[in-house]
Amino acid sequence: MRSFLLLCLLFYNTIAAINSLNDQKIQRGEFHDEGKFIVDYEDFSTNLTDYASRRTSDDDKMTPEDQNRNDETRKSGEVDESDDSSDISEERERDSVDHQHLKSLTAIKPEKHQPVAGVINSAFNDRKTFSCPRTKLELVTGTFVGDVSPEDITIIAAMGDALATGIGLWPNADIEFRGASFPIGGDSTIDGLITIPNILREFSPKIIGVSHGMGADLPDHQLNVAQTGATTKDLYKQAVELTRRVKKLTEVDYLKEWIMIIITIGTEEICSRCDGPSYDHIKKAIEHLQIEIPKALVVLLGPVHVSSFHEQKSNLLKNRCQCSRDQTEGFMYDVSRKWSRVWKDLQKFVETGVTSRPTFGMISYPMVTITSRYPNGLFIRDKPLLNRRGHNYATKWLWNRLIGGDLYNLSSATLSQDNYFCPSVGCPYFRTYANHVRCLLRTHQEAAETDIVMEGSSAIKKRRRTIQFLYNVAMVVVGLAFLTVFILGTYFYQKSKAGDHGRFEIVEEPQKKLEEAQKEEQKALLTRQNTRAQSEQATTPTGGIQLAPISVGRHKSFLGTISESNPDA
């Protein structure tokens, strides 16, 4: 009896210790409640309609076999990370939004250069929880790359490799499922399929260019020109094809609408040759887009970097590439640095290059960084490509990065726990280099009185000249003109009065010389006459000879008469 009691007590203490240890792990964030599992689409979908029409309630359903397997997994306390088709998902319930977490979340933290703070105070998981405020009704948006909001995107396109073609996303089939790829897929809605276009539809329902269905030969109005196995050397050819399709759009005028171009490149290229990208080919493609498309926001994504939450520097892509499988971790790090340097140079080219302009911007991310507690479950079996859950995580990472900015703290972010961010109140735009330091907010009333002036990559407000100001300027100009005319007129009038002939009188040259000679002769005659008179007055007594007035003819050199007042003279 005593032995039985001792065994019961020991069992009870063991259970209590295990529960206490689990509680501590939960508090440390080592794992969360996995009572509900979202099953990957590749498990039960039998056709495209079933795949695209799945909703959240269907995702939570599980077959008895899966339930038994998960029960065994929970009992053992271990998860087989080598199983790529693991049904364990870290996603939280879509209807739950952690508002307490969002209140304390600052997506961009001020540093030495004091960037614009972007506090995320609202988020969503699906259409039911979507509550992002509309900014276009109050603010002027879409004037340059610094104030492009999700509501301004009308056209979306994709270039690149297999991440955009969606190859392998259809269960047990090596076909391209472009309608489900995270950059361009548009099958179903945000409730059944999380992609960038489906999120943009919640802000602007009329999105053009999204991909639907499967296959490589899609209609031209679906702007997905990516190719499976493409490298950076293929981007220029894709850019030419994309501009051709854009110019053929009839639903909208591409010259007036903003187009978002998402380029995913590098995942297959790294695994094929384990080297850096071709800068010249990417630059040529970007330059072609700058010339042909007037208003565009390019999102340039490098290869995927999938890692464990506790070992974020270790890229699991290394073990799935033939050329890097036997290399060290430092080898993969050096390759990543090559991609980062090229991405930095491309960003500088777009900002300050010869073809740069305020209505064409680029957001470049050298790596698609995804962290997970079970990172092996994000890949397609035996391939370096993301599966359906991996595309879900890539969508959340890219969207939150576009809204949160470059300083979004990825090391502490948990993709399985984070919601999809709404644009911040302080800067409700896509975070680009143009609004990183200064975010310009203009209401429609302010826009009526101000103009935007670009200084480099930043924008400043310039007060528009009002009607009253124009009237004042006109009065000043008229007054100055009247005063100038009065002064100049008086000056020329006085000068004309002092002249010998009229301003418009034509004087012949010989006559003019004759008149000048006569004037000189008269002066000389008067000088001699005065000199003679003075000498006579000095030698002749008073009452002597007096000179009569001299009359000089017009054509005579000298003529004079002497009048004798004294008959005896």
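Side chains included, hydrogens not; waters and symmetry mates left out as well; all remaining heavy atoms used.
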(request) Quick one: which residue pairs count as a ring-ring contact (aromatic ring centres under 6.0 Å, His included) with a foot in residues 242-262, not counting sequence neighbours? (result) none
(message) Would you say Arg389 and Asn392 are linked by a side-chain donor-acceptor pair, where the criterion is simply a distance under 3.5 Å?
(response) no
(request) Could you check whether the rings of Phe124 and Tyr420 sit parallel, tilted or perpendicular, using 30° and 60° as the cut-offs? (result) parallel
(request) Please determine if Lys396 and Asp418 form a salt bridge, counting it only when a charged side-chain N lies under 4.0 Å from a carboxylate O. (result) no
(message) If the condition is side chain to side chain donor-acceptor pair (under 3.5 Å), which residues does Thr395 pass it with, not counting sequence neighbours?
(response) none
(request) Please check if the side chain of Glu176 supplies one atom and the backbone of Thr165 the other of a donor-acceptor pair under 3.5 Å. (result) no
(request) Please determine, by modelled atom types, if Ser307 and Thr371 share a side-chain donor-acceptor pair under 3.5 angstrom. (result) no
(request) Answer yes or no: is there a donor N or O on one side and an acceptor on the other, between the side chain of Glu251 and the main chain of Ile208, under 3.5 Å? (result) no
(request) Tell me whether the centres of the aromatic rings in Phe177 and Trp170 are closer together than 6.0 Å. (result) yes
(request) Mark yes or no for whether Asn435, through its side chain, and Thr432, through its backbone, hold a donor-acceptor pair below 3.5 Å. (result) yes
(request) Taking Arg201 for its side chain and Gly186 for its backbone only, find out whether a donor-acceptor pair lies under 3.5 Å. (result) yes
(request) Can you tell me which residue pairs pass the ring-ring contact (aromatic ring centres under 6.0 Å, His included) test with a partner in residues 279-308, sequence neighbours excluded? (result) Tyr236-His288
(request) Give a yes/no on whether the SG-to-SG distance for Cys439 versus Cys427 is below 2.5 Å. (result) yes
(message) I'd like to know if the side chain of Asp161 reaches the main chain of Gly266, judged simply by a donor and an acceptor atom lying under 3.5 Å from each other, with no hydrogens or angles considered.
(response) yes
(message) For Asn224, is there any backbone N or O sitting under 3.5 Å from a side-chain donor or acceptor partner on Arg178?
(response) yes
(request) Compute the ring centroids of Phe203 and Phe130, then answer whether they are less than 6.0 Å apart. (result) yes
(request) Carefully, step by step, assess Cys321 and Cys274 under the rule disulfide bond (SG atoms under 2.5 Å apart). (result) CA-CA 8 Å; Cys321 298; Cys274 288; 5.7 Å; no
